[in-house]
There are 2 protein chains.
Amino acid sequence: MTATQASTAGKIVAAAERRMRESGFHGFSFRDIAADVGIKSASVHHHFPTKEDLGAAVAEAYTKRLIDALGDPNDPQRTPEALIALYVDVYRQGVQKGRQTCLGGMIACELTSLPNEVGRGGAVFFERSLSWLEAVLRRKPPTAEPEAVQAQALRLLALLQGAALIAKGLHRKDAFDLAVKSILE
Amino acid sequence: MTATQASTAGKIVAAAERRMRESGFHGFSFRDIAADVGIKSASVHHHFPTKEDLGAAVAEAYTKRLIDALGDPNDPQRTPEALIALYVDVYRQGVQKGRQTCLGGMIACELTSLPNEVGRGGAVFFERSLSWLEAVLRRKPPTAEPEAVQAQALRLLALLQGAALIAKGLHRKDAFDLAVKSILE
DNA sequence: GTCTATAATTTGATAGAC
DNA sequence: GTCTATCAAATTATAGAC
């Protein structure tokens with residue numbers, strides 16, 4: 001049950017996602033979200049009773065949107081290389097759009113202080129992302145020394161997570177491209 | 001001016017570092033730190049008047065400790081490969097010791113909601129880390145297609161950051177080793 | 001579904017005694 | 001340097017009118 005962007009619930013989730021990715025789960029309040037959307041904090045609670053509910057909804061919507069945007073990893077119309085480039089571009093957009101790092105990375109960072117359902121949402125995000133990457137990588141012709149597909153997917157995801165983090169921490173968007181350019185070669 | 005571990009100020013910084021790396025800057029309070037050290041929150045304020053002061057002190061101590069532990073990147077007694085392995089081990093220890101990710105990554109994650117001096121401390125950490133890595137990589141014999149040392153260092157740091165994050169988010173410590181094993185080959 | 005009003009708690013921070 | 005006591009503000013969350 002993912003709210004559309006047009007509904008109030010959808011606007012709330014969108015605002016909360018942006019805030020979470022910029023500032024972390026504890027870096028925004030119900031009042032912040034209410035102000036973003038143009039309503040009062042009590043109305044936010046009407047749609048998402050607790051902050052745990054809101055955080056879990058954000059994680060679920062974020063994961064679904066990513067997987068939907070990526071599409072079928074086995075689509076014969078698209079080469080594995082093109083699919084990988086598409087995946088890299090998702091992260092690049094977050095970096096370019098303004099200091100938004102991956103929601104999964106943010107959840108992992110603050111994990112110990114997060115409500116259970118939010119942490120679970122982050123784990124699901126990583127699992128789905130890795131499954132998609134593994135499916136794509138399985139299509140590539142095996143190299144001379146075939147690295148386990150699982151390890152390749154982990155390495156790819158880790159590189160993107162870290163590159164986005166460094167670019168944000170250093171205020172250097174070009175650091176992202178420098179770090180990940182080897183992927184596309 | 002870095003407090004020793006034995007002093008109260010040192011214990012406060014150590015406790016704050018652990019909490020920041022596990023839970024984020026907004027994931028702990030002065031009262032939490034006071035309880036960890038065995039004093040009252042007013043006493044914590046005596047050593048670090050504001051949370052910004054405390055966060056900046058943690059970042060500075062963390063950076064200094066890492067660089068000190070790594071030592072001279074041009075030490076002829078140690079090969080570049082051994083130095084890289086040492087660097088990887090620093091991150092592995094954080095993962096193994098229990099869900100502690102890199103402080104620099106955590107600061108980058110929450111950047112927008114952090115006090116200025118804390119954010120600056122995170123940037124300094126990344127700069128110092130990259131400088132050390134670049135110095136080590138400059139010693140390696142250039143490969144056929146010489147990748148820029150700067151890009152190599154960024155890629156290495158990003159991979160470690162991301163691998164630690166994924167391991168924490170998935171509760172899978174083995175994910176870290178799988179993701180970074182290619183570095184050591 | 002949104003609002004006003006407010007409860008209950010926590011937080012960063014200060015004053016002042018010892 | 002540590003304590004007790006307390007403040008002012010912010011936070012999550014709820015009750016009830018419209």
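Protein chains get the first letters and strands the later ones, always in sequence-line order, with residue 1 at the start of each. The analysis underlying the following values was restricted to heavy atoms, covering all of them including side chains, and did not include hydrogens, waters or symmetry mates. From a predicted model like this one, the values you see are computed outputs, not experimental measurements.
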Engineer: Check whether any side-chain N or O of A:Ser43 sits under 4.0 Å from OP1 or OP2 of C:dG1, and answer yes or no.
Structural biologist: no
Engineer: Answer with base, sugar-phosphate or nothing: what part of the nucleic acid does B:Ser29 contact at a heavy-atom distance below 4.0 Å?
Structural biologist: sugar-phosphate
Engineer: Send over the distance from B:Leu54 CG to C:dA13 C1', rounded to a whole Å.
Structural biologist: 13 Å
Engineer: Would A:His47 and A:Thr8 count as having a side-chain donor-acceptor pair, cut-off 3.5 Å?
Structural biologist: no
Engineer: Aromatic rings B:Phe125 and B:Tyr62: how do their planes relate, parallel, tilted or perpendicular, breaks at 30° and 60°?
Structural biologist: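 Tilted: the ring planes of B:Phe125 and B:Tyr62 meet at 30° to 60°.
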Engineer: Expressed in angstrom and rounded to an integer, what is the separation of B:Ile33 atom CD1 from C:dT10 atom C1'?
Structural biologist: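 Atom CD1 in B:Ile33 sits about 15 Å away from atom C1' in C:dT10.
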Engineer: Over how many whole Å does the gap from A:His45 atom NE2 to C:dC3 atom C1' extend?
Structural biologist: 14 Å
Engineer: Could you check how far NE2 of A:His26 sits from P of C:dT10, rounded to whole Å?
Structural biologist: 14 Å
Engineer: Hey, does the side chain of A:Thr8 come within less than 4.0 Å of C:dT2's phosphate (OP1/OP2), counting only N and O?
Structural biologist: yes
Engineer: For B:Asp53 and C:dG12, give me the distance from atom CG to atom P, rounded to whole Å.
Structural biologist: 13 Å
Engineer: Please figure out whether A:His47 or A:Arg31 has its closest DNA chain C nucleotide nearer the 5' end.
Structural biologist: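 The residue whose closest nucleotide sits nearer the 5' end is A:His47.
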Engineer: Take atom NZ of A:Lys11 and atom C1' of C:dG1, then tell me their distance rounded to the nearest Å.
Structural biologist: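 My rounded result for the distance is 13 Å.
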Engineer: So, OP1 or OP2 of D:dT2: does either fall under 4.0 Å of a side-chain N or O from B:Lys40?
Structural biologist: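 No, no such contact exists.
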Engineer: Hey, which sits more toward the 5' end of DNA chain D by its nearest nucleotide, A:Asp32 or A:Ala42?
Structural biologist: A:Asp32
Engineer: Give a yes/no answer on whether the side chain of B:His46 brings an N or O atom under 4.0 Å of OP1 or OP2 in D:dG1.
Structural biologist: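 For D:dG1, OP1/OP2 do have a side-chain N/O of B:His46 under 4.0 Å.
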Engineer: Please indicate whether A:Asn116 has more than 12 foreign heavy atoms, meaning atoms of other residues, nucleotides or ligands, lying under 6.0 Å from its CG.
Structural biologist: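 Check fails, neighbour count at 12 or below.
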Engineer: Looking at B:Thr101 and B:Ala164, what are the two nearest heavy atoms and their distance?
Structural biologist: CG2-O, 3.7 Å
Engineer: How close or far is atom C1' of D:dT2 from atom CZ of B:Phe48, stated in whole angstroms?
Structural biologist: 16 Å
Engineer: Is B:Lys51 close enough and on-axis enough to B:Phe25, meaning under 6.0 Å and within 45°, for cation-pi?
Structural biologist: yes
Engineer: Could you work out which one of D:dC3, D:dA13, C:dT2 sits closest to the side chain of A:Phe30?
Structural biologist: D:dA13
Engineer: Please report the distance, rounded to the nearest Å, between NZ in A:Lys51 and C1' in D:dA10.
Structural biologist: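 Atom NZ in A:Lys51 sits about 11 Å away from atom C1' in D:dA10.
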